[in-house]
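Everything on this sheet refers to the single structure shown next.
Predicted model, so just to flag it, every value in this text is computed and none were measured. Throughout, a chain's letter reflects where its sequence line sits, starting with A, and its residues are numbered from 1.
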Amino acid sequence: MTDLGVVLSKEWLELRKSDSVWIALATLIVFLAMIGVFLPWLIGPLWLSAPWITLIWAWIPMFLVTTVTADAFAGERERRTLETLLATRLSDGAILWGKWLASVVWVATAMLLSFPLGVLSLNLMFDRGPFLPSVGQVLATVAVAFAAAGLGGALGVLVSLRAASVRHAQQVLAIMVFTIAFVPIAFMRLAPQEWTAGLFQTLTSGSPASTGGAFAGILALTTAPVLLIAKARFQRGRIPLK
Amino acid sequence: MGRVVGSSDGTQSAIVTNGLSRDFPGVRAVDSLTLEVPRGSIFGFLGRNGAGKTTTIRLLLGLIEASRGSAHVLGFDAATHSAQIRAQSGVLLESAGLLERLSAAENLDIYGRIARLSKKDRAARTEELLQRIGLWDRRTEPVAGWSRGMRQRLAIARSLIGHPALIFLDEPTAGLDPISAADVRQDLLQLADISGVTVFLTTHNLAEAERLCDQVAVVRSGKLLSVGAPSDVGRDERRPRVRFRGRGFSEGILTELEQHVDVGYVQPEPDGAVLTIADAPGISRLVSFLVGREVALEEVSPVGKTLEDGVLSLFRSSDESSSPGGEGDAPRHSVGGA
């Protein structure tokens with residue numbers, strides 16, 4: 001755990017001082033404005049009560065996290081710091097999980113800032129309030145944000161491990177994330193009608209907490225094998241150093 | 001150098017390799033390397049670019065696997081216990097590997113944390129090391145703007161932050177101007193002497209190795225050519241070298257000297273040449289030869305034998321033994337570039 005903490009703080013310190021932190025912050029501000037102000041204004045009180053609303057909290061972290069994790073290994077390789085890091089006493093696990101967790105926690109925490117902002121916007125813009133989320137909904141939102149960031153981070157680390165450059169990693173990740181984003185659309189178009197009707201029923205009849213919790217679980221289950229593959233591919237002797 | 005050097009049995013050696021080899025597709029980077037590095041010594045690993053020096057460091061740190069043979073570092077098998085080796089080692093690899101967005105102090109602090117030093121120890125060690133290399137006043141600056149020499153010195157300090165038993169330095173003065181290189185050497189000697197650490201230093205700068213190292217190994221194309229004290233390397237290969245200075249050393253005379261039976265190698269100089277000769281009696285024959293060619297000799301003096309001479313002789317012998325036609329393929333007056 002100590003080593004994991006060291007890698008986490010190293011990553012955050014580097015992230016804080018990197019040039020790309022401004023790009024990430026600018027992206028975050030745009031997303032905060034969209035999710036925390038524009039969407040509540042557009043959707044109204046449904047922004048808090050619709051069961052499907054928690055799904056929104058999945059997509060944004062997924063996009064955001066890739067901007068950070070592309071740098072995880074590819075960036076160190078570009079800056080020629082990777083070999084020195086690998087030559088330390090840090091275990092493979094501490095380096096891999098530390099880099100993954102650093103991006104997940106950073107992005108999920110940043111994203112969650114938009115949740116209270118959204119609640120505040122809703123209450124300021126509409127009169128029939130107060131509009132407040134249940135504890136279950138808050139927990140589900142947190143779970144979805146972390147699970148989505150976890151999946152995006154795992155994909156990012158996996159790609160970054162062998163990518164020749166940060167730009168290469170970002171390109172591959174952009175394709176991956178767009179592919180994932182189109183899966184539900186393809187599902188709705190191609191799946192049997194009774195399946196899509198069932199899914200629609202689930203997304204409109206349940207509570208935000210239960211729908212979000214289930215979705216977070218699906219994301220977490222998807223993340224696990226990606227992380228296992230990343231762990232299997234992370235071998236000191238086989239990672240390209242240049 | 002006043003440093004305590006361990007005995008040559010396996011337990012007292014910082015590094016012991018036995019037939020260590022590493023193949024890459026189409027090339028054998030390290031070829032049956034067998035050597036011993038005494039604890040507490042500064043050990044120079046010499047060779048040209050591409051000789052397998054960096055690959056050897058990677059093998060010793062367990063960053064890559066050996067194709068054959070074994071390596072024990074600080075008593076640990078590099079194939080199975082590389083984590084323990086890395087835990088007790090510091091490194092300055094091909095690239096300084098500094099976190100350039102961070103300050104000098106932050107760089108040392110991160111690596112101090114990795115070495116599991118307490119906060120108090122990290123602060124004290126950071127101050128001690130930065131004071132010693134004269135960079136304490138610049139500790140809060142991001143290292144991105146620093147000169148290469150300053151970065152190398154900081155990277156050496158970083159390699160020592162965790163009180164390692166052994167440090168690996170891969171070409172620490174490569175690409176530095178002479179003054180910066182001298183600063184790095186000075187820091188290295190001072191820091192290594194105080195820490196009592198074993199230093200495994202790769203370089204192709206032979207003068208540097210002679211100045212710094214207790215022992216050196218010379219490698220070529222991954223093969224060990226010689227190992228021993230700098231004064232002993234290539235001793236058997238070293239033939240007398242004599243400087244002839246005067247007027248009249250034309251291109252034609254130098255060419256004739258290359259063909260002369262008493263001459264091994266010719267190193268042209270502005271007003272003469274340094275000749276490697278087969279034996280001492282050859283000197284008088286060469287004087288007669290040059291006088292006969294109307295060269296006005298002003299000086300005939302022996303040239304001190306340096307590590308460079310020894311290493312170059314080793315390389316030439318290696319050339320001669322590996323070329324099908326004996327020495328015929330080797331350039332006879334080519335020196336330097338080693």
Side-chain angles (χ1 to χ4, degrees), chain A residues 1-25 68 71-99 102 106 161 165-166 233-242, chain B residues 22 54-55 57-67 76 78-79 81-103 105-107 109-118 122 142-144 151 154-155 158-159 161-162 164 166-170:
Chain A
M1 283 306 286
T2 314
D3 290 345
L4 198 62
V6 174
V7 179
L8 270 173
S9 56
K10 170 193 165 290
E11 293 297 310
W12 282 332
L13 191 57
E14 280 203 279
L15 190 64
R16 257 182 34 220
K17 300 205 169 187
S18 74
D19 298 334
S20 60
V21 75
W22 298 112
I23 297 169
L25 278 176
V68 180
D71 188 84
F73 289 97
E76 296 244 24
R77 194 175 291 123
E78 271 184 359
R79 296 189 293 276
R80 304 193 69 186
T81 54
L82 183 58
E83 191 172 17
T84 302
L85 184 67
L86 295 178
T88 62
R89 48 169 298 283
L90 291 171
S91 66
D92 291 0
I95 294 173
L96 186 72
W97 305 137
K99 282 181 174 289
W106 192 87
L161 262 176
S165 64
V166 175
R233 283 172 69 89
F234 184 87
Q235 293 170 355
R236 269 181 163 86
R238 295 188 180 170
I239 292 182
L241 298 170
K242 290 178 184 172
Chain B
R22 170 67 195 208
T54 300
T55 303
I57 287 185
R58 289 178 178 152
L59 285 166
L60 295 175
L61 283 166
L63 294 177
I64 54 175
E65 292 166 6
S67 304
F76 298 106
H81 291 79
S82 61
Q84 284 89 333
I85 294 169
R86 289 192 293 271
Q88 295 183 45
S89 303
V91 299
L92 161 55
L93 301 171
E94 260 183 321
S95 166
L98 294 168
L99 307 169
E100 300 220 334
R101 299 161 183 162
L102 309 190
S103 69
E106 286 168 336
N107 266 279
D109 188 66
I110 289 274
Y111 278 86
R113 286 189 68 183
I114 290 174
R116 293 187 175 166
L117 298 184
S118 68
R122 292 199 305 272
V143 299
R151 289 186 215 190
L154 178 62
R158 183 201 57 204
S159 74
I161 187 87
L166 169 66
I167 57 173
F168 292 94
L169 305 176
D170 195 0

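Chain A forms more heavy-atom pairs under 4.5 Å with one residue of B/Ile64, B/Val91, B/Leu61, B/Leu102 than with any other, namely B/Leu102. With chain B as the partner, the residue from A/Leu82, A/Thr84, A/Asp92 showing the most heavy-atom pairs under 4.5 Å is A/Thr84. Between chain A and the options B/Glu65, B/Glu106, B/Arg158, heavy-atom pairs under 4.5 Å are most frequent for B/Glu106.
If you measure heavy-atom distances from B/Tyr111 to chain A, the contacts under 4.5 Å come from the side chain alone. Residue B/Leu98 touches chain A through its backbone alone, counting heavy-atom pairs closer than 4.5 Å. Contact of B/Gln84 with chain A is not made at all, since no heavy-atom distance falls under 4.5 Å. Looking at B/Ala115, the atoms closer than 4.5 Å to chain A (heavy atoms on both sides) all sit in the backbone: N, CA, C or O.
Atom OG1 of A/Thr88 sits about 11.5 Å away from atom CD1 of B/Ile110, to the nearest 0.5 Å. Note that the CD atom of A/Glu76 and the CG atom of B/Leu99 stand 7.0 Å from one another [nearest 0.5 Å]. Taking NZ from A/Lys17 and CD from B/Glu100, the interatomic distance works out to 13.5 Å, rounded to the nearest 0.5 Å. To the nearest 0.5 Å, atoms CG (B/Leu93) and OG1 (A/Thr81) are separated by 11.5 Å.
The closest side-chain heavy-atom distance from B/Arg116 to A/Asp3 is below 4.5 Å.
Under a 3.5 Å cut-off, the side chain of A/Arg236 and the backbone N or O of B/Leu63 do not form any donor-acceptor pair.
Of all heavy-atom pairs spanning A/Ser9 and B/Arg113, the tightest one is OG-NH1, 2.7 Å.
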Problem set entry | Steps toward side chain to side chain contact (heavy atoms under 4.5 Å, CB included) verdict (A/Glu83, B/Arg58) | CA-CA 9 Å; A/Glu83 191 172 17; B/Arg58 289 178 178 152; 2.4 Å; yes
